[in-house]
Novice: 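Handing you a structure now.
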Number of protein chains: 2
Amino acid sequence: MKKHLTRATKDYLKAIYALSVNGLSASTNDLAKRLNIAAASVTGMIKRLAQTNPPLVDYRKHHGVTLTPTGEQAALEIIRHHRLLETYLHDSLGFSWDEVHEEAERLEHVISEKFEARIDKVLGHPTHDPHGDPIPDLNLVMPQKASTRLSTLRPPQEAIIERVNDEDGNLLRYLQEKSLVPGSKLKIRAHSPFDGNLTLEINGEEIILGPAVTHHIFIKEA
Amino acid sequence: MKKHLTRATKDYLKAIYALSVNGLSASTNDLAKRLNIAAASVTGMIKRLAQTNPPLVDYRKHHGVTLTPTGEQAALEIIRHHRLLETYLHDSLGFSWDEVHEEAERLEHVISEKFEARIDKVLGHPTHDPHGDPIPDLNLVMPQKASTRLSTLRPPQEAIIERVNDEDGNLLRYLQEKSLVPGSKLKIRAHSPFDGNLTLEINGEEIILGPAVTHHIFIKEA
DNA sequence: ATACACTTTTAGCCTAACCTAAATTTTATT
DNA sequence: AATAAAATTTAGGTTAGGCTAAAAGTGTAT
Ligand SMILES: [Mn+2]
Ligand SMILES: [Mn+2]
Ligand SMILES: [Mn+2]
Ligand SMILES: [Mn+2]
C-alpha cells in the first residue's frame, strides 16, 4: 500500500525521529519550529501521516506524535542517505564539514539505492559521518549515539569528542578552527559556576568555552 | 525578479529546449507526450511560464512556445547539470551508461553550483557525456551537436559514432553489446530499400541494423 | 469552399502543503 | 478550583501542478 513518500513527508518523519530520541513523543510546536512551518500546518500534515496505509505515525490529539515501525524505517532510510552523503561530500568531493549538511539535505531525497550502495562502497562502509553522527547500517540498525554533553563535565575529567551538532555552519567553522572535532582529546581544567564557562586543554593549549558551545559537543569520557 | 524555479518548471524548460533544436517552436502535444502530462495541463503551465517576470517562454496561442533568452539560460544550466552528472556517475561511481540518465534526471534539480564545480573539476572539465552529448561550458555555451543520423548513410560511406540517444535503457544495453558507442568506426556495406536495414562493418564484424536502431545513432562522416 | 480530423484551449475539479485567524484544550499558577 | 498562559486544533484560504470532458481553432482533402 506504500506508494512514494513525498519530500515533505520525509522531512516530517526525519524531524519526528530527531525529536523522539528521548523516547517521548514529538510536539506540534517543536516540529513547527524545527521545520520552519506554522503549527497549524503541522497539525494538518500529522493527521495525514497518521491516516496513510500503513500509518507512518501514531497521533493522539493534543499529545504529539511518535513514529510507527513503518515510519521509523522510512526515517532511518533517509538518515542513512543523509549521513552517507555528508561523508561522501566531505571525504570524496572535498566539501568542508560546514557545507555538507545543506547539500545532503537536498540530495537525500532523490538518490537511488544504487547510488547509496556505490558511495557506501567507495567510502568503505563508514559508520560515522563527518560530525561524528552514527550512520544506520544496511539493515537500518542505528548504532548508539553519544549523548553526554561537554557542558556536563567538571575538572579534572578528561574526554574524547565523539560528535558535534551539525546544524549550525558558523558553529562548525568555529569548532574546526579550535580543533574541536571528533577524536580530539581534552582535559577539563576549570568550571565557572555562574556563566558555565569551561576551561579546557586541547593539543596542549588552553581555551575557554561558553555553554553555547559546550552544549553542542558530545563526548565520551576518557 | 525570479526567485527559485520549481522542478516542474525546469522539466518544461528542458523539454522545450529539446524540442526546439530545429529552431521551430515546441507544440503543446509534443511537450505533453515527452513529459507524460495531459495536453490541457501543458497549456496551463505554458501560460504561467510566459507570465513570469522576466518571461521564460514566448507563447502564441495555438502556435507553440519558444524559450526566451532567460528561459534558454535556465534550460542550459539544467542540461549542464544533467550531463555532468551522467559523466560523473559513469566515470567516477561506476554506473553503466544505461543507468545514468534516470539518476541524473533526479539529481540535476537539487545539486548546488558548488557540487557542479567539484565534479566538473574531478572529471577534468569534460566536453561530452557518456552518450556523446555535448556539455554546455561554464558560460553555458553549448557546443555543436552531431545531427546526422546513421540511418541516412548509404554504402560505401564510412563514419564515426559521435552520440546516441540516451533515453531508452534497453536500446543502450543493446548498443553497448554491439560496441555501437561514441568513437566506434563503421563502414556501410549495404542498404535494403524496403525495410531500411543497414549492413555495416564494425570492428571487423558485419552486423545488420534496422531503422529503429540506426535512427538513434548520430555520426560524423569519416 | 466545405467538411472532417487533429490539435489546442477552456472550464471545472482535485490533491498536497502550505498560510492566518479564531476557537479550543491543556498546563501552570495562584 | 479558578483563571491565565501556552499549545494545539479548526476553519477557511492560497498556490502549484496535475486531471477529464467539452469547446474551439487549424489545416487538409476533397
Ligand atoms: Mn537507501
Ligand atoms: Mn552530520
Ligand atoms: Mn549550475
Ligand atoms: Mn546523456
Side-chain angles (χ1 to χ4, degrees), chain A residues 1-16 19-20 22 24-53 55-66 71 74-75 78 105-106 108-110, chain B residues 1-16 19-20 22 24-53 55-66 71 74-75 78 105-106 108-110:
Chain A
M1 285 296 170
K2 64 180 76 164
K3 313 212 145 106
H4 155 256
L5 304 181
T6 65
R7 166 167 317 215
T9 298
K10 294 191 228 169
D11 282 337
Y12 273 88
L13 295 178
K14 214 169 45 139
I16 295 167
L19 293 174
S20 309
N22 41 35
L24 303 175
S25 59
S27 78
T28 302
N29 249 12
D30 288 354
L31 282 168
K33 259 172 238 152
R34 169 173 271 256
L35 294 168
N36 264 299
I37 284 170
S41 307
V42 172
T43 301
M45 185 62 158
I46 279 174
K47 280 156 81 173
R48 272 182 289 133
L49 296 180
Q51 278 171 303
T52 58
N53 186 306
L56 295 164
V57 302
D58 286 322
Y59 171 48
R60 287 177 46 232
K61 226 174 250 193
H62 290 101
H63 295 280
V65 277
T66 53
I78 305 154
E105 202 64 31
R106 282 176 278 105
E108 65 186 9
H109 301 295
V110 304
Chain B
M1 284 296 175
K2 197 74 261 130
K3 279 262 136 58
H4 154 253
L5 303 181
T6 65
R7 166 171 314 219
T9 297
K10 294 190 228 169
D11 282 337
Y12 273 89
L13 295 178
K14 216 169 47 138
I16 297 167
L19 293 175
S20 309
N22 41 37
L24 302 175
S25 59
S27 78
T28 303
N29 249 10
D30 288 354
L31 281 168
K33 259 171 239 153
R34 168 173 273 258
L35 294 167
N36 263 299
I37 283 171
S41 307
V42 172
T43 300
M45 185 61 158
I46 279 173
K47 280 157 79 172
R48 270 181 287 133
L49 297 180
Q51 279 170 304
T52 58
N53 185 301
L56 294 164
V57 302
D58 286 322
Y59 171 48
R60 288 176 44 232
K61 226 172 250 192
H62 290 102
H63 292 91
V65 277
T66 52
I78 305 153
E105 200 65 31
R106 281 177 277 107
E108 64 186 7
H109 301 295
V110 304

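Sequence lines set the chain letters: A, B, ... in the order given, protein chains first and strands last, and positions in each chain run from 1.
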Novice: A/T66 side chain to A/S20 main-chain N or O, any donor-acceptor pair under 3.5 Å?
Specialist: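 No, the answer is negative, given that no donor and acceptor are paired below the 3.5 Å cut-off.
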
Novice: How long is the line joining CE of A/M45 and C1' of C/dT15, in whole Å?
Specialist: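 Going from A/M45 (CE) to C/dT15 (C1'), I get 12 Å.
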
Novice: Which part of the nucleic acid does B/A38 contact within heavy-atom distance under 4.0 Å: base, sugar-phosphate only, or nothing?
Specialist: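 The residue B/A38 makes base contact.
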
Novice: Between atom CG in B/N36 and atom P in D/dG17, what is the gap in whole Å?
Specialist: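 Between P of D/dG17 and CG of B/N36: 17 Å.
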
Novice: To the nearest Å, give me how far apart NE2 (B/H109) and P (D/dG17) are.
Specialist: 12 Å

Novice: Pick out which of A/V65, A/I37, A/T43 makes a side chain to side chain contact (heavy atoms under 4.5 Å, CB included) with A/L31.
Specialist: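 Running side chain to side chain contact (heavy atoms under 4.5 Å, CB included) over A/V65, A/I37, A/T43 with A/L31 returns exactly one hit, A/V65.
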
Novice: Provide, to the nearest angstrom, the distance between the CG atom belonging to A/L31 and the C1' atom belonging to D/dA7.
Specialist: 13 Å

Novice: Whole-Å distance between D/dG17 P and A/R7 CZ?
Specialist: 14 Å

Novice: Within the pair A/Y12 and C/dA16, is there a side-chain N or O less than 4.0 Å away from OP1 or OP2?
Specialist: no

Novice: Starting at OG1 of A/T6, measure out to CE of A/M45 and round the result to the nearest 0.5 Å.
Specialist: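 It is 5.0 Å, given to the nearest 0.5 Å.
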
Novice: Do any N or O atoms from the side chain of A/K10 and from the backbone of A/H109 form a donor-acceptor pair under 3.5 angstrom?
Specialist: yes

Novice: So do the side chains of B/L5 and B/L56 get within less than 4.5 Å of each other, counting heavy atoms only?
Specialist: yes

Novice: With B/K14, which residues qualify under side chain to side chain donor-acceptor pair (under 3.5 Å), at least two apart?
Specialist: B/E105, B/E108

Novice: Find the distance A/L24:CG to D/dA7:C1' and express it as a whole number of Å.
Specialist: 16 Å

Novice: When the distance from CZ of B/R48 to C1' of D/dT15 is rounded to whole Å, what number comes out?
Specialist: 9 Å

Novice: Mark up nucleotides 3-14 of chain C, 5' to 3', with B wherever a protein heavy atom is under 4.0 angstrom from a base atom, S wherever such an atom reaches only the sugar-phosphate, and - elsewhere.
Specialist: ----SSBB----

